[in-house]
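Presented below is the structure to which this report refers.
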Amino acid sequence: MLLNNGKPDMNFEKIVKLLQALNKDDIKRLESYIHSPYFNVGTAPAALFDYLADLHPDFPEKKLEPVPIARKMKSLPTLATQRTAGTRLLKSIEHFIALEDWQSIETNVSWHQFHAMQQLQLMDTFSSEFTKEVSKIDTDPEQDIDTFFNRHRFTELASNSFDSRLNRTQRNDILPTLKTLEEFYALKLLRYLCEALNRKQVLGTVYDEKHMASVLKTLEPYTNENHPYVYLFVNVYQMLATDTYERSEVYYNLIKRFVGAQSAETLPVSSIESMSYAVNWCLKWIGKGYDGPVGEYLWWTELKIKYSLLLESGKLLPITFRNIVTSAFFNNQEPEWMLRFIKQYSQCLPIEHRDTNIAFAQGLYYYLLKDYTKAIQSFLMAQAKDDIIFNAMIRRWQYMSTYEQNPSDTDLLLNQLNSFEKYITRNQDAFHQLKVPFLSFIKYAGKVLQLVDKQERIKVKDILEDEGFFPGKPWLLQKLEFHK
């Protein structure tokens with residue numbers, strides 16, 4: 001809908017966006033809502049909805065202008081009436097989606113039903129049904145944050161009932177309400193502390209663990225497989241908080257075993273949420289040079305594919321795509337697996353990142369096949385000018401491919417290293433702590449080219465082995481092996 005000055009009506013724009021977010025079944029339910037006398041939407045807003053529903057989901061722009069609407073809907077003859085109807089319709093649609101969200105959680109509805117019974121003092125009905133509802137909460141197989149929250153508010157509801165206030169005794173205390181509140185907040189806090197710790201390790205953000213001892217003590221009675229959410233996230237915390245690979249692997253394996261044992265068609269919430277931390281654990285230790293987590297990362301990838309969890313709204317993050325392809329390379333996956341993955345999932349990349357990431361993945365594929373000419377061509381096509389770190393990764397792989405193709409072309413290889421080093425210098429602010437690993441690669445790659453004497457190569461190899469891990473180090477060690 002356009003105003004006289006040609007600018008769109010903001011409420012009308014919002015209506016169209018909301019309707020486009022709904023599918024056909026949603027639109028049918030919304031139609032029932034709009035025309036229900038109970039919700040009192042009004043004749044003009046209902047007429048506007050009927051007009052727009054016929055245009056769903058495309059909403060041609062010309063048909064959204066005032067004249068076509070007035071021509072078809074006699075109750076909306078002017079721009080002013082259309083705008084007023086639009087304002088009321090927008091509010092009605094927002095109420096509808098709120099109602100849909102509220103009704104999607106059965107316990108929300110039942111709590112309000114019991115609360116209403118309490119207010120009306122229908123205590124016989126309240127008492128007979130309330131016990132059943134509490135039993136459903138206690139036997140919920142997931143026992144997640146929502147379960148703990150519902151246990152608390154139903155306990156609170158019982159302690160505040162008319163009968164409870166009428167029959168005050170020493171046994172009729174508020175301790176169960178306090179206990180369930182403490183347990184709910186402990187689990188909620190555990191979940192956020194795990195996220196905070198993970199972000200600290202990945203991004204260097206602030207994390208304060210002063211509450212964790214109290215949280216773990218409160219949740220100790222529930223830290224077992226009968227309470228999956230608590231069990232998994234206590235192990236997630238221990239996995240994240242443990243410094244060594246060997247000790248943290250113990251907690252990682254507990255998470256993997258529990259999630260992998262699920263047999264339902266869909267994974268429960270606890271498994272899905274804890275999965276991302278297990279994946280990050282794999283990436284963390286891959287980045288420290290451990291080989292085992294590479295295969296583990298691909299195990300989680302296969303699990304995500306099995307349960308249709310790899311994509312987010314049909315899209316795949318470029319970094320996830322690269323991590324999977326790179327892990328497949330280092331795990332010595334069959335080339336056919338890598339090629340199949342590239343073909344299937346490259347189309348799920350955001351279009352602006354697609355060509356670069358496909359070229360990079362194809363470079364790894366050809367490198368795996370030892371077809372270094374095609375690998376070099378692919379890496380040359382993979383230009384990531386807006387992603388400095390990714391571009392540096394591409395340069396490193398391009399250099400390795402060039403070396404593998406012709407290690408005797410020292411001038412070309414040295415020129416590539418010099419160009420690589422200048423690139424890092426020009427963009428040093430973007431590299432931060434990653435500057436050192438890339439420069440270490442350049443430094444030792446230069447030594448590989450220049451050292452001929454066997455003893456010198458052995459000496460440099462020994463020094464390199466004592467260096468901390470950086471990407472490309474295993475390849476450099478291999479090249480420093482002396483061959484006659």
Side-chain angles (χ1 to χ4, degrees), residues 201-204 243-245 280 282-294 297 319 322-323 325-327 329-331 360 363-364 367 372 375-376 379-380 382 384-385 387-483:
Q201 294 174 347
V202 175
L203 303 172
D243 292 334
T244 66
Y245 172 74
N280 285 343
C282 294
L283 292 173
K284 170 186 173 180
W285 291 105
I286 289 172
K288 291 179 180 290
Y290 286 81
D291 295 329
V294 177
Y297 179 81
I319 191 169
R322 296 197 296 270
N323 284 339
V325 175
T326 306
S327 296
F329 176 90
F330 285 116
N331 199 51
F360 175 74
L364 291 181
Y367 192 109
Y372 300 115
I376 292 168
F379 290 129
L380 285 171
K385 295 179 181 178
D387 190 335
I388 303 297
I389 304 302
F390 181 28
N391 217 23
M393 291 167 53
I394 295 169
R395 284 171 175 262
R396 186 178 65 231
W397 280 103
Q398 182 187 341
Y399 175 84
M400 291 160 61
S401 301
T402 306
Y403 181 95
E404 295 289 1
Q405 184 188 49
N406 188 3
S408 62
D409 195 345
T410 308
D411 290 341
L412 173 62
L413 292 166
L414 284 173
N415 284 337
Q416 283 193 7
L417 291 178
N418 289 332
S419 175
F420 195 178
E421 187 171 11
K422 288 177 182 178
Y423 178 78
I424 294 172
T425 302
R426 286 197 309 271
N427 300 283
Q428 57 184 329
D429 291 342
F431 280 90
H432 301 294
Q433 69 270 24
L434 293 178
K435 179 181 176 181
V436 173
F438 282 112
L439 289 178
S440 295
F441 176 85
I442 293 170
K443 170 186 172 182
Y444 285 100
K447 292 182 181 298
V448 168
L449 291 176
Q450 296 168 339
L451 294 174
V452 177
D453 181 74
K454 177 180 180 180
Q455 294 304 319
E456 285 296 317
R457 293 175 77 90
I458 292 173
K459 181 180 177 181
V460 171
K461 183 172 180 287
D462 290 341
I463 294 171
L464 177 56
E465 284 177 337
D466 291 335
E467 292 268 18
F469 176 81
F470 58 86
K473 177 181 173 180
W475 182 84
L476 291 166
L477 287 170
Q478 182 187 55
K479 300 309 165 189
L480 281 168
E481 292 282 355
F482 187 83
H483 300 288

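The basis for the numbers below is simple: all heavy atoms, side chains too, and nothing from hydrogens, waters or symmetry mates. If you're wondering where the values come from, they're calculated on a predicted model, not measured in any experiment.
Side-chain contact, Thr402 with Gln416: a donor N or O sits under 3.5 Å from an acceptor N or O.
Remark: side-chain polar atoms of Asn391 are not paired, donor with acceptor, to backbone N or O of Asp387 under 3.5 angstrom. Remark: the backbone N or O of Phe438 is not paired with any side-chain donor or acceptor of Arg396 at under 3.5 angstrom. Although no hydrogens or angles enter the test, the distance criterion places a donor-acceptor pair under 3.5 Å between the side chain of Asp453 and the main chain of Glu456. Under a 3.5 Å cut-off, the side chain of Ser419 and the backbone N or O of Asn415 do not form any donor-acceptor pair. In this structure a side-chain-to-backbone donor-acceptor pair under 3.5 Å is present from Lys473 to Glu467.
Looking at residues two or more places apart in sequence or on another chain, you find a ring-ring contact (aromatic ring centres under 6.0 Å, His included) between Tyr367 and Phe329, Tyr372, Trp397. Considering only residues two or more places apart in sequence or on other chains, Arg322 meets the side chain to side chain donor-acceptor pair (under 3.5 Å) condition with Asn357. Applying the side chain to side chain donor-acceptor pair (under 3.5 Å) rule to Asn331 yields the partners Gln333; only residues at least two apart in sequence or on another chain are considered.
Comment: Glu421 does not engage Lys443 in a salt bridge, judged by the lack of any side-chain N to carboxylate O separation of less than 4.0 angstrom.
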Practice item. With side chain to side chain contact (heavy atoms under 4.5 Å, CB included) as the test, would you mind laying out the steps for Tyr403 and Leu449 before giving the verdict? Key: CA-CA 9 Å; Tyr403 181 95; Leu449 291 176; 3.8 Å; yes
Exercise for review: Start with the C-alpha gap between Leu417 and Leu413, add the side-chain angles, then the distance that decides, and say whether side chain to side chain contact (heavy atoms under 4.5 Å, CB included) holds.
Suggested key: CA-CA 6 Å; Leu417 291 178; Leu413 292 166; 5.7 Å; no
Practice item. For the pair Phe379 and Met400, evaluate side chain to side chain contact (heavy atoms under 4.5 Å, CB included) and give the outcome as yes or no after the intermediate values. Key: CA-CA 11 Å; Phe379 290 129; Met400 291 160 61; over 6 Å; no
Practice item. For Leu451 and Lys459, run side chain to side chain contact (heavy atoms under 4.5 Å, CB included): C-alpha distance rounded to whole Å, both residues' side-chain angles, the deciding distance at 0.1 Å, then the answer. Key: CA-CA 10 Å; Leu451 294 174; Lys459 181 180 177 181; over 6 Å; no
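Closest approach of Cys282 to Pro293, counting heavy atoms only: O-CB, 3.6 Å. Contact between Tyr297 and Ser327 at its shortest, heavy atoms only, is CD2-OG, 3.4 Å. Of all the heavy atoms in Ala430 and Ile389, the pair that sits closest is O-CD1, 3.8 Å. Of all heavy-atom pairs spanning Ile394 and Ala382, the tightest one is CD1-O, 2.9 Å. Of all non-hydrogen atoms in Val448 and Arg457, the two that sit nearest each other are O-NH1, 3.5 Å. For the pair Gly287 and Phe469, the tightest heavy-atom approach, listed with the atom from each and the gap, is O-CD2, 3.2 Å.
Within 6.0 Å of CD1 in Ile319 there are 12 or fewer heavy atoms belonging to other residues, nucleotides or ligands.
For the atom pair Leu439 CG and Ile424 CD1, the distance stands at 4.5 Å (nearest 0.5 Å). The structure places NZ of Lys422 at 8.5 Å from CZ of Arg426, a figure rounded to the nearest 0.5 Å. For the atom pair OH (Tyr245) and NZ (Lys288), the distance works out to 13.0 Å, reported to the nearest 0.5 Å. The distance from atom NZ of Lys454 to atom NZ of Lys461, rounded to the nearest 0.5 Å, is 12.0 Å. Atom CG of Asn406 and atom CG of Leu412 lie 8.0 Å apart (nearest 0.5 Å). The distance from the CD1 atom of Ile388 to the CD atom of Gln428 is 12.0 Å, given to the nearest 0.5 Å.
Ring pair Phe420/Tyr399: centre-to-centre distance not below 6.0 Å.
At least one side-chain heavy atom of Leu414 sits less than 4.5 Å from a side-chain heavy atom of Gln450.
Ring geometry, Phe470 versus Tyr444: the interplanar angle falls under 30°, so the pair is classed parallel (tilted spans 30 to 60°).
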